[in-house]
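Just so it is clear, the model here is predicted, and its values are computed rather than measured. Note that ligands are numbered from 1 as they come in the structure, with each ligand's atoms numbered from 1 the same way.
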Amino acid sequence: MKAVLFEQFGQPPRVQNVPDPTPSDEGVVIKVEATGLCRSDWHGWMGHDPDVVLPHVPGHELAGTVLATGKQVTRWRKGDRVTVPFVGGCGHCFECNSGNHQVCEHQFQPGFTAWGSFAEYVAVDYADTNLVALPENLDFETAASLGCRFVTSFRAIVDQGRVGPGDWVAVHGCGGVGLSAIMIASAMGANVVAIDLTQEKLDFARQMGAVATINAREIANVVEAVREITKGGAHVSIDALGHPTTCFNSIANLRRRGRHVQIGLMLGDHSRPQIPMDRVIGWELEILGSHGMQAFRYQAMMNMIETSKLSPQKLVGKRISLDEAPAALMNMDKFEGLGISVITQF
Ligand SMILES: [Zn+2]
Ligand SMILES: [Zn+2]
């Protein structure tokens, strides 16, 4: 099969012919129909993720059709249209048994713990626990855009942030994660303040439902600006970028008993940011993470997609081919573009 492969961290990946994958006993092989490009792929390529073993094929936001099943797989068969969360639970450990597959002790992550979906085919382990059937009217490219940023945002807003109607929600960073969070929080009835450095992304944030925007390049004190708009601070605030500054601002702009959810990855030099811990104590703030979403929680999100309360297809930006993927991957930290880029030609 054709796959995007890199042999050294930080060295240009190339499209190469590699052996077709075979399914494990509990796994499937999926024919990839669409796969999203994400900053996590860039982190993996740079060597920031200790799970990545060389040589490596990236790609973790995928949708496709089941091609082959392992002998212990009971719920899926050839031809099924599916997607998967980027963290797959083993289905056997304490966390999985308590319903928290997103923090499984033996998690399977395509494109990190195994070869990923920048390829014609991808092997996915623990299929019965992690595969999600696609509704008939959901196309592959939209489905691919769900697997990482959209579901992580859904869990961050709905399950971790517990956003309610009328809440003020601040979203720092308007890339794929931030725009997803804005759309989902707005659908939950919240008032969203979007913060970014570029006007183009803030305009797009308005289209996704933000009621106010802050251009951090033009305003000296983002925290004060959020406090002013929200009349005292956000109930819930999201760092959707993953940077010490946005992380700090997101915690500092909360009102008393507010909740910060960290979605943007903090790796390398950024992994130990400053936190205003005095405020966390005095105001009883909550600091939470969001690490993907369990496959069984997809149904709630799919229901909102089917009734058009959520429209993830609006977040799909550029469609590219597998041959264009190496260049796009290498540029991921420089220019993300508007919305989510998806590989749709293999
Ligand atoms: Zn597990
Ligand atoms: Zn991703």
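- Residue contacts to the Zn ion (ligand 1): Cys96 brings an N, O or S atom closer than 2.8 Å.
- Remark: Arg257 engages Glu284 in a salt bridge, criterion side-chain N to carboxylate O under 4.0 Å.
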Decide yes or no on side chain to side chain donor-acceptor pair (under 3.5 Å) for Gln102 and Asn100, but give the supporting numbers first.
CA-CA 5 Å; Gln102 78 285 354; Asn100 289 298; 3.2 Å; yes
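- Note on Leu241: it does not cluster hydrophobically with Met183, by side-chain heavy-atom contacts below 4.5 Å among ILVMFWY residues.
- Coordination check, Cys104 versus the Zn ion (ligand 1): passed, since an N/O/S atom of the residue sits under 2.8 Å.
- Between the Zn ion (ligand 1) and Cys90 there is an N/O/S contact shorter than 2.8 Å.
- Ring-centre distance between His243 and Phe248: not below the 6.0 Å cut-off.
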Let's go through Arg217 and Gln199 carefully: what are the C-alpha distance in whole Å and the side-chain angles of both, what is the deciding distance for side chain to side chain contact (heavy atoms under 4.5 Å, CB included) to 0.1 Å, and is it a yes or a no?
CA-CA 9 Å; Arg217 212 183 284 285; Gln199 197 53 45; over 6 Å; no
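- Among heteroatoms of the N, O or S kind in Glu61, OE2 lies nearest the Zn ion (ligand 2).
- The Zn ion (ligand 2) forms the vertex of an angle spanning NE2 of His60 and SG of Cys148; to the nearest 10 degrees it equals 110°.
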